[in-house]
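Below, chain A is the first sequence line, B the second, and so on; all start at residue 1. The model shown is predicted, which means the values in this text are computed figures rather than measured ones.
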Number of protein chains: 2
Amino acid sequence: MSAQGAPPPHGVIRLTVRDVLGGMVGAVCASAVPVPHRRGRPRSAAADRAILDATRSALVEVGWSRLTMSQVASRAGVAKTTLYRRWAGKSELVVDAVAVLFDELELPDRGSLRADVEGVIVSFAALLERPEAKTSLMAVIAESTYDEALRARVREAIVERQKRLVLDGRRRAQRRGELPADAPDSAEPEAIVDLIFDVIAGAVVHRSLVSGGPVDAGWVRGFTTLLLEGLGRASAQP
Amino acid sequence: MSAQGAPPPHGVIRLTVRDVLGGMVGAVCASAVPVPHRRGRPRSAAADRAILDATRSALVEVGWSRLTMSQVASRAGVAKTTLYRRWAGKSELVVDAVAVLFDELELPDRGSLRADVEGVIVSFAALLERPEAKTSLMAVIAESTYDEALRARVREAIVERQKRLVLDGRRRAQRRGELPADAPDSAEPEAIVDLIFDVIAGAVVHRSLVSGGPVDAGWVRGFTTLLLEGLGRASAQP
DNA sequence: GGAGTTACGCTACGACGCGTAGCGGAATGC
DNA sequence: GCATTCCGCTACGCGTCGTAGCGTAACTCC
């Protein structure tokens, strides 16, 4: 609503996670320089960290719906106004607070496509089990269906950065000869990566947050078989 | 919070969608009799319908987060207290208001497994495009991560009732010989149905609500190929 | 070192949604 | 008739939101 009401103090009102963390995680950062803000008192990086930490711990304890800005402020030891100087609302704050969790995801080479797929499924499911992520991810996505800016923020901060996992795994499988190499005329390996990402992430989220069933070894094996060999063979397995 | 504060007036405070609609849609209804409430003035079925209609139309216009109980009440032409006599809060109300949308899903026999799968994907995606569903489905699921009763309500009213689509399609494919019949010793065709449901629903939801890409003919064909034939062949297709 | 600029903590405030209580009246079963 | 239950209405206390205004702290440029 009141995004550009007042003249922006430091050029930009909102900072991304990468600005806060000094660009230590991001590689696609637009401006490598973390905005050295020429004049005036600089924003407290300690306050930023305290706020994001407080947000995560509050999410663990009370969940998304009972999380209030006042509560986060007092936990972080800052004034409520300081929160609103950085984030427009609860949704924006939580996106940044949760985004760093997803950067912990790694995909070590396990030797085969099947092992790699099972690995990423298990890792992602474990991440979704953490209360901070579990309670807030869906809420933020829900909010973003009516807020285009928030939607873009979610995509940039969370979705886009995880596709690297699929991209890496696919390239490794191609090198091993488990998947066909990209046809030089085929214009869209990107479409396939997007598809695989939606299928894996969507299925794991749906399983653990909607259906509510456990992502245990049996489910992981079944899902991987379905992914690798399709419905016919997956139905025949024990 | 205050669920059982006062003695329940009519035996049960909450009614399910099937009670309201007189059991016209559900087949797995526990008690076929819609509680003929022995004494006193009966609850207005017209008010129930007006409230649920008002909820859906309000969801279309303002979305989940800006939806208020007072707003729904005045739209429906009922008092706010009447709302709270039937539903404990916004989440419960919206679950019931949205659940009926999912009952419209049908899966006509299109002659082949591939055509059936593509059909269910397209239908489900079209449903998610409706603003009432789009904005509220994720919000309710998010809320349910910290509310076990709500979670059960979502599962019963939405999730469980859609698995029939997968079950039907699978049986038809088995009859056609496109899928192997259930091994008599294999104890769990149910696990496979659950898996397929999570994969299809999860992928479509993730595609349209998280990634934000279109569920167009190309995506549907690619996803179907992946489902039927697995990663290897899906990667080779144009 | 001083001047200008920006961020911070604090307090207070209006606006709004929530969920409940209490009333008189209306619709049913006995 | 009488008891029972629902309805519409008004009013209320409570908590959260997001902002304004103030004095003060930190930093840059001259």
TODO: Evaluate the ring planes of Phe124(B) and Phe102(B), with Trp represented by its six-membered ring, and classify them as parallel (under 30°), tilted (30 to 60°) or perpendicular (over 60°).
DONE: tilted
TODO: Return the set of residues passing salt bridge (charged side-chain N to carboxylate O under 4.0 Å, His left out) with Arg56(A) (not counting sequence neighbours), or none when no residue passes.
DONE: Asp53(A)
- [ ] Please determine, by modelled atom types, if Arg155(B) and Ser211(A) share a side-chain donor-acceptor pair under 3.5 angstrom.
- [x] no
Every protein N/O lying under 3.5 Å from an N/O of nucleotides 22-27 of chain C:
residue: dA26(C); atom: N3; partner: Arg41(B); partner atom: NH1; Å: 3.3

Task: Rounded distance in Å - CD (Glu92(A)) to C1' (dG18(D)) - done: 13 Å
Task: Spacing of Arg66(B) atom CZ relative to dC17(D) atom C1', expressed in whole Å - done: 14 Å
Task: Residues in salt bridge (charged side-chain N to carboxylate O under 4.0 Å, His left out) contact with Arg130(B), at least two apart in sequence or another chain - done: Glu104(B), Glu132(B)
Protein-nucleotides 16-18 of chain C N/O pairs closer than 3.5 Å?
residue: dC18(C); atom: OP2; partner: Met69(B); partner atom: N; Å: 3.1

- [ ] Please list, chain by chain and in numerical order, all residues satisfying side-chain contact (heavy atoms from CB on, under 4.5 Å) with Ser65(B), sequence neighbours excluded.
- [x] Glu143(A)
Open item on the list: Using a 3.5 Å distance criterion without hydrogens, assess whether the side chain of Arg164(B) forms a donor-acceptor pair with backbone atoms of Arg161(B).
Closed with: yes
Open item on the list: Can you pull out every side chain to side chain donor-acceptor pair (under 3.5 Å) where at least one residue sits in residues 118-128 of chain B? Sequence neighbours excluded, please.
Closed with: Arg114(B)-Glu118(B)
Open item on the list: Rounding to an integer number of Å, can you tell me how far Arg86(B) CZ sits from dG19(C) P?
Closed with: 17 Å
Open item on the list: Quiz question: by atom type and distance under 3.5 Å, do the side chains of Ser57(A) and Arg75(A) form a donor-acceptor pair?
Closed with: yes
